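As the structure is a prediction and not an experimental result, all values here were calculated from the model. Below, chains carry the letters A, B, ... as their sequence lines are ordered, and counting in each starts from 1.
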Amino acid sequence: MARKSMIQAINEALHQKMEDDETVVVLGEDVGIDGGVFRATLGLIDKFGESRVMDTPLAESSIVGAAIGMAINGLKPVAEIQFLGFIYQGFDQILCHAARYLHRSQGRYSIPMVVRAPYGAGVKALEHHSESTEAHFAHIPGLTVVIPSTPKDAKGLLISSIEHPGPVIYLEPKRLYRYKKEEVPEEIYRTPIGKAETVREGADITLVGWGGMIPVMQEAAEHVDNEGVDAEVIDLRTILPFDVETITKSVEKTGRLVIVHEAPRSFGVGAEIAAIVGERNLLHLLAPIQRVTGYDIIPPLSKLEDYNYPNSERVVKAIHKTMEF
Amino acid sequence: MARKSMIQAINEALHQKMEDDETVVVLGEDVGIDGGVFRATLGLIDKFGESRVMDTPLAESSIVGAAIGMAINGLKPVAEIQFLGFIYQGFDQILCHAARYLHRSQGRYSIPMVVRAPYGAGVKALEHHSESTEAHFAHIPGLTVVIPSTPKDAKGLLISSIEHPGPVIYLEPKRLYRYKKEEVPEEIYRTPIGKAETVREGADITLVGWGGMIPVMQEAAEHVDNEGVDAEVIDLRTILPFDVETITKSVEKTGRLVIVHEAPRSFGVGAEIAAIVGERNLLHLLAPIQRVTGYDIIPPLSKLEDYNYPNSERVVKAIHKTMEF
Amino acid sequence: MKLIQILDENGKYKADDLADIKEQEIRKMYRLMILTRLWNDKAMSLQRQGRLGTLASVRGQEASNVGMALALQAGDWFVPAFREYGSLFTLGISMKNQYRYWGGDERGNYIPEDKRVLPTCITVGAHLCHAAGMAVAAKTRGEKSMILSSSGDGSTSQGDFHESLNLAGLWKLPVVFVIQNNHWAISVPVEKQTATKTLAEKAAAYAIDGLRVDGNDVFAVYKTVKERADIARNEFKPALIELVTYRMGDHTTADDATRYRKPDLLKTWEKRDPIERVKKYLMKELDWSEEKDKELVEECTKEVEQAVKEYENSDMPEPETMFDYMYNEMPWHLKEQLEEVKELTQAGGKK
Amino acid sequence: MKLIQILDENGKYKADDLADIKEQEIRKMYRLMILTRLWNDKAMSLQRQGRLGTLASVRGQEASNVGMALALQAGDWFVPAFREYGSLFTLGISMKNQYRYWGGDERGNYIPEDKRVLPTCITVGAHLCHAAGMAVAAKTRGEKSMILSSSGDGSTSQGDFHESLNLAGLWKLPVVFVIQNNHWAISVPVEKQTATKTLAEKAAAYAIDGLRVDGNDVFAVYKTVKERADIARNEFKPALIELVTYRMGDHTTADDATRYRKPDLLKTWEKRDPIERVKKYLMKELDWSEEKDKELVEECTKEVEQAVKEYENSDMPEPETMFDYMYNEMPWHLKEQLEEVKELTQAGGKK
Ligand SMILES: Cc1ncc(C[n+]2csc(CCOP(=O)(O)OP(=O)(O)O)c2C)c(N)n1
Ligand SMILES: Cc1ncc(C[n+]2csc(CCOP(=O)(O)OP(=O)(O)O)c2C)c(N)n1
Ligand SMILES: [Mg+2]
Ligand SMILES: [Mg+2]
């Protein structure tokens, strides 16, 4: 087993699934000779050729739309949207078509496709390059929305997503692409969709987050550990359908919940988690559920990026507030 | 004062604002000689001509996008999207541009525009004609999202929206277009954006909803009134930014909250309301907050439409459950 | 741009062009056009009686509908918008199911496993991208098949039209995009969609061939689409084909075209009726008679009535079916919601 | 399609075509191109030192940038994408602010009230719709002004390109769409964007004029855009102008073009440098000398260095400014969040 970064793990998953299943194809802007602007598709075109690794014109609606057609006609397309901020030109195709063909055709047409997109802040980029709008996809019935936070999960979840019979939005926290390396099994393996991972067990308070927030939450958990607060950290991994059981069980144990996401707070994914925990666990709650999130603003350019991106200090503050309630 | 339906009130607001302010223009599919498929723009073209009432090509991205340009260059466009289900072709223009020019230009360019769209089920139409996806717009920083539920508010809120200096998504519950008539003042008047309306005062439980749900909630409130439960009914009217004070004050009084919306439940607007009330009013809550909503499915075609659309029976059930907790 | 025509409104025809269309095929076309019109007439009357939902009438476009679908070969795909049920019948999709669909029952949109047809697509233009993607798949596999999409004049304004044609031209895809130019997008005449004189000339922007065909001439439609389907299938050369036809009815039953359309326009087009001219041809060339015609109409009427009967006798969809096919496997939250619905309906919820 | 050229790479020119460009204007063009290149070179080196963010280099496109902007008249609007800061300088937008913008400070995108210029638009193609809408407004008011948009070869694939040009052709809008065809969209060469030989020929799909210009010939760019701007302004006739130029650098500083681009391609285009050929012309015709040239470069370098100084001396934006201009009036939830931020930063939050 070799140590790999998340981007290497993603690249490996693509290589292996393309080898494993000749119906898997890759398309998107610059996915060919360039290997993608983050190198996720590096080397694919050399190995699998232009008919399976397609540099597309600069047109997101047809990237998603053509992928739908490919899926209907026997392929398993993995479409790359260069940055999540540019997916909106193809949003109609996702919401009204990818997510709906199975129902519209009453079971005749499954849409086994993956739309991959780097998301979130942390690389000091230009406008539209730092968006974290998973909530828009979570509110689309028929979709599956997946966000890994480690190299190992990135590979396992991408393989599961490619093998999934329906459309999957697979969001990659670009800040973690090269954040750390870890042992990643060589072979093809699956990380289950719909299952959260408890990355740190704790008795006093539950922290739920995903993607780029996991290291932030872990740092906060270590910090309060020194103060005698034992935090449980849950990596949600799948946003839709999310693993409600792991969350509610944890809250039943701890009685306290802080949700962390970098997306704007209002009407974000955190709201649904808070709402459902409130519905199911009201009597377990020892304090109000807190949300530590990006603000309801446009992700700032590099100079102010860090002020919007939740950090462990803000999470610790929320933990304190919750513990002291 | 004459009695008018909601669609008549909307039409009157458009006539009056176009007369009042020559920078107001209307554009969209079939808004000209046809007067719009629901007749919201009836008679405008005769009075104001083709240069101010523009039948556009069938292309939503440019309907929204051109409206943005008009707004930048001194007009106040009111763009009609024929049904909310078709707005997604123009979603990028709304999210990445209409909502962002003010910030992007650091105050130089305001975008005084309104995007009107009929939304929601209740007219037994084809696919995409019954969507209620206000949550997608609520999660866009920079937007204002307004939904009237009465003829009087429809006029007052549309006038406020047209006069608003920023972009407003104005959603019209098509089921209520001709639902009832009421006295609507002849003159130009404004209903404030951001203010909810308590349409029924009550002491025991708070019901919050908007648009097509208001009559359903009122019916449920009448029903439980007979059983001795005194329900307060709040018409939210503005979804973003919503009137948190009216809701939390009511919950502080009643200790119980049921949120009603026809949109899919998960990650809907109800989640944010539940989350924020949970944050602010945990100790006031006598029972878990309930959500009575459309299911997480594609709005069914006519034969099953009523099974997805929340009705007073479902609201009453939730009230019972909440009261009995 | 030249308008391709074989059979004119008076039944006059270009014999050379017609040579390779078999008699049997002509009879089939005629029958399918009549069937389509009868289905349509019946649907309109069902709608008026509240026995069917909103309907987009296909009256006037029967030659376009039938001609293009007949041009397909086994293995080819058909990707319709919403005004192509004549094509669907031609391809063997059941008339009953179309009644169900327009009657507000999702099950009507089910396409049997042995048909290469997509379900109705309401979002104007979106399905053109799907057609392009399907063509990529066919080409990747080296399959000898092609994709035929159909959409209206209004669809040519959409970004998706542009992106799909660009892809098809660039990647040399086995796809033919048919535009049924019926002159209207609801109340908007085609002259208000675009400044070009024809829609076919838009093909130039994608370096693909554009052709313009009399869409009320079933022979020309059939022949042109067939030729281009063959080229697409064998040579990977896409095409854009504009069928010049006319929407004789309202946009849908929810529309009233008298609000925006001068009646004399209709009269001009009535003379160009796609069915009448084939009848004239049949009379002149294939020993047809009023009597035979009446028989055929009666036979077709029976078929339509049988479909109506089956439609009206079919069970109401169960409320639980709203949750079907949302996912290949139902996730927990839908299971919970399904239970809610079951409880409500068992308690005698509103039907 | 013919390529419009006045000044070739050897400094040879068509005297007739040049007749109506004044000497003074030529000197101005030259100066602006040099300024742009120097600003750009400096920006690249600041970026390498971590003193600036990701930058899209404009090297090689100075003639396109400067020529099109100079063609505008008071009252006209300029609607750029992101590779037009040479145009912005030409229009009097401050060099300091462009450093701030590319340095990751929103304030750099502020456009002074007296300039009719839109801020940088990153979403490829989207701003073409805005240009069309602005042209509607100008026409509605009967104003004598026009809108000039600029975007890249990649943008021609977007649905928004199609929809905007269709609108412009249909409504006869006073707008000119300039495409800076620099042959690349990141790693994708223009031959992989579309099957057409030129981008200008796409104008046919909208019944508007398409023109193709040597984008490294500042005279031809200026003259052609000016002519079409006049026509747009006075006759409400839109146009599509393809400027054939070349991206001499990487896509941005985050890109490495050696991964996908053959070096010999660059050499060909180096010979076509837009600045060199004007220098040759100046030398031959306008009494220019190496000495004067050096002086000019020195003068411009000082200007650039002054801008750098101002940029680097300008204060960091306050964290609170993230909330500025989200709304014309700040709503309650942003006020609350702003208070959160203030508390955090006063408590010494991470800078
Ligand atoms: C994207 C989108 N916008 C709006 C509509 C509403 N609508 C339904 S049909 C129609 C007109 C379509 O015109 P055309 O494409 O010419 O097809 P036709 O109805 O004439 O067959 C419109 C605007 C839609 N279905 N999809
Ligand atoms: C809608 C959209 N998709 C993707 C991107 C990412 N991106 C930035 S620039 C670029 C290439 C642009 O090419 P072109 O239009 O030719 O302009 P150039 O960079 O050559 O000036 C891409 C794909 C984007 N900015 N917008
Ligand atoms: Mg039409
Ligand atoms: Mg380019």
(Q) I'd like to know if D:D256 pairs up with D:R259 as an ion pair, taking the criterion as any Lys NZ or Arg NE/NH1/NH2 lying under 4.0 Å from an Asp or Glu carboxylate oxygen. (A) no
Q | Residue, of D:G210, D:G169, D:S164, D:A195, that accumulates the most heavy atom pairs under 4.5 Å with chain C | A | D:A195
**Q.** Distance-only polar pair, side chains of C:T245 and C:N216, donor-acceptor under 3.5 Å
**A.** yes
Q: Count the heavy-atom pairs under 4.5 Å between each of D:K172, D:E191, D:H162 and chain C, then report the option with the highest count.
A: D:H162
Q) What option among C:A203, C:S157, C:A168 has the most heavy-atom pairs under 4.5 Å with chain D? A) C:S157
Q) Is chain D contacted by the side chain of C:Q193, its backbone, both, or neither, given a heavy-atom distance below 4.5 Å? A) backbone
Q. Got a salt bridge between D:D250 and D:R261, using NZ or NE/NH1/NH2 to carboxylate O under 4.0 Å?
A. no
Q) If you tally heavy-atom pairs under 4.5 Å against chain C, which of D:E201, D:E163, D:K197 wins? A) D:E163
Q | Salt-bridge present (D:D76, D:R116; N to O < 4.0 Å) | A | no
**Q.** Portion of D:T156 that has a non-hydrogen atom of chain C nearer than 4.5 angstrom
**A.** backbone
Q: Please look at D:Q158 and chain C and tell me whether the side chain, the backbone, both or neither of the residue comes under 4.5 angstrom of a heavy atom of that chain.
A: both
Q) Side chain, backbone, both or neither: which part of C:K192 has an atom under 4.5 Å from a heavy atom of chain D? A) backbone
Q: Answer yes if the side chains of C:Y260 and C:W184 hold a donor-acceptor pair under 3.5 Å, and no otherwise.
A: no
Q.
I'd like to know whether NZ of C:K237 has more than 12 heavy-atom contacts from other residues, nucleotides or ligands below 6.0 angstrom.
A. no
